[in-house]
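Below you'll find the structure, written out as structure tokens, and then a few comments.
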Amino acid sequence: MSFKRKDLLGIEDLSPEEIYFILDTAKSFRQILDRSIKKVPTLRGKTVANLFFEPSTRTRISFELAAKRLNADVVSFSSSTSSVVKGESLLDTVKNIMAMRVDCFILRHPTPGAPHILAKNLPISVINAGDGSHEHPTQALLDLYTIREKRGKFKDLQVVIIGDIAHSRVARSDIWALSKLGAKVRICGPPTLIPPQIEKMGVKVFYSVKEAIRGVDVVMMLRIQKERQNKCFFPSLREYREFFSLNEERLGLAKSGAMLMHPGPVNRGIELPVSLVDGKRSVILNQVTNGIAVRMAVLYLLLGRKR
Ligand code: CP
């Protein structure tokens with residue numbers, strides 16, 4: 001198969017074949033990261049612009065490293081230190097940067113759909129690095145990569161996602177991705193943080209962590225997205241922790257050897273205790289490493305081949 005897309009905007013409109021194609025491509029890039037010289041000439045002469053209108057550690061550095069590992073030039077833009085603070089619009093910003101002859105925009109923006117607007121209006125590739133609470137496609141792809149690395153398959157794998165589902169773009173992209181590949185997805189959180197009608201995405205909803213986690217192969221924890229909450233969704237953090245955090249006893253209800261995942265940033269002591277973040281079930285740092293390989297694959301498929 002070939003990958004003919006100009007942009008990567010979400011998982012929702014990808015086919016299972018396209019997802020596997022990205023994962024297979026990422027596998028060939030993953031080994032480069034363990035070499036002493038972690039660089040290939042694949043994107044020499046291309047320029048990638050990282051546009052971040054929201055804070056980020058993992059996604060921003062990972063995309064920058066992915067582009068550099070492929071020998072592309074990278075420019076990084078942060079809205080707080082740009083002319084956006086003087087009133088320049090998103091479209092004017094990107095048109096001006098495009099006039100400097102960049103080949104690709106990687107956009108993180110608080111508004112759902114912002115990358116879609118760029119993709120529609122610009123002739124160059126756009127990659128969604130997280131748009132509001134809508135999608136975070138490369139996070140889902142790196143989660144899939146990590147699950148496949150450890151489990152080898154998705155069919156009938158039981159995965160539970162626990163936490164603030166309503167405000168999580170990671171949850172939405174992971175639900176699309178896992179369901180398309182045949183995994184069974186459960187979600188769990190306080191009723192106020194479960195979006196109405198989410199069952200239509202094919203997930204099973206739980207309000208008790210103990211019930212949700214019983215017999216699963218993968219436990220994915222999410223942080224509370226305070227920056228997207230404009231009101232109180234639960235009485236107190238203490239209460240949230242009591243009912244929805246993970247602990248050894250609750251994790252013990254999953255299958256033996258179940259993987260513990262988290263997209264980061266982790267709020268240690270809230271959704272996860274320190275012992276589990278750094279424990280033997282945790283693959284959190286594997287996710288981060290695999291993220292570079294997945295982003296190298298995405299950049300290569302969008303920029304390195306003739307469409
Ligand atoms: N997982 C993730 O998107 O982390 P950052 O916000 O640090 O990029």
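All ligand and atom numbering here is 1-based and tracks the order in the structure.
Ligand 1 has at least one atom lying under 4.0 Å from a heavy atom of Arg108. Heavy-atom separations between Gly264 and ligand 1 include at least one value shorter than 4.0 Å.
Ionic pairing of Lys68 and Glu64 is present here: one or more N-O contacts between side-chain nitrogen and carboxylate oxygen are shorter than 4.0 angstrom. Under a 4.0 Å N-O distance rule, the pair Asp278/Arg268 qualifies as a salt bridge.
Pro263 O, 2.8 Å is the protein heavy atom nearest to atom 1 (N) of ligand 1. Atom 2 (C) of ligand 1 has its closest protein heavy atom at Thr59 OG1, 3.5 Å. From the protein, the heavy atom lying nearest to atom 4 (O) of ligand 1 is Arg58 NE, 3.0 Å.
Atom CD1 in Ile19 sits 5.0 Å away from atom CG in Leu181 (nearest 0.5 Å). Note that CG of Asp73 and CG of Asp103 are 9.5 Å apart. Values are rounded to the nearest 0.5 Å. Atoms CD and NE2, on Glu54 and His109 in that order, are 8.5 Å from each other to the nearest 0.5 Å.
Interface of Thr57 with ligand 1, defined as ligand atoms under 4.0 Å from a residue heavy atom, comprises 5 (P), 7 (O), 8 (O).
In this structure, of Gln139, Glu54, Arg223, His136, the residue bringing a heavy atom nearest to atom 3 (O) of ligand 1 is His136.
Between Asp156 and Lys184, the closest side-chain pair of non-hydrogen atoms falls below 4.5 Å.
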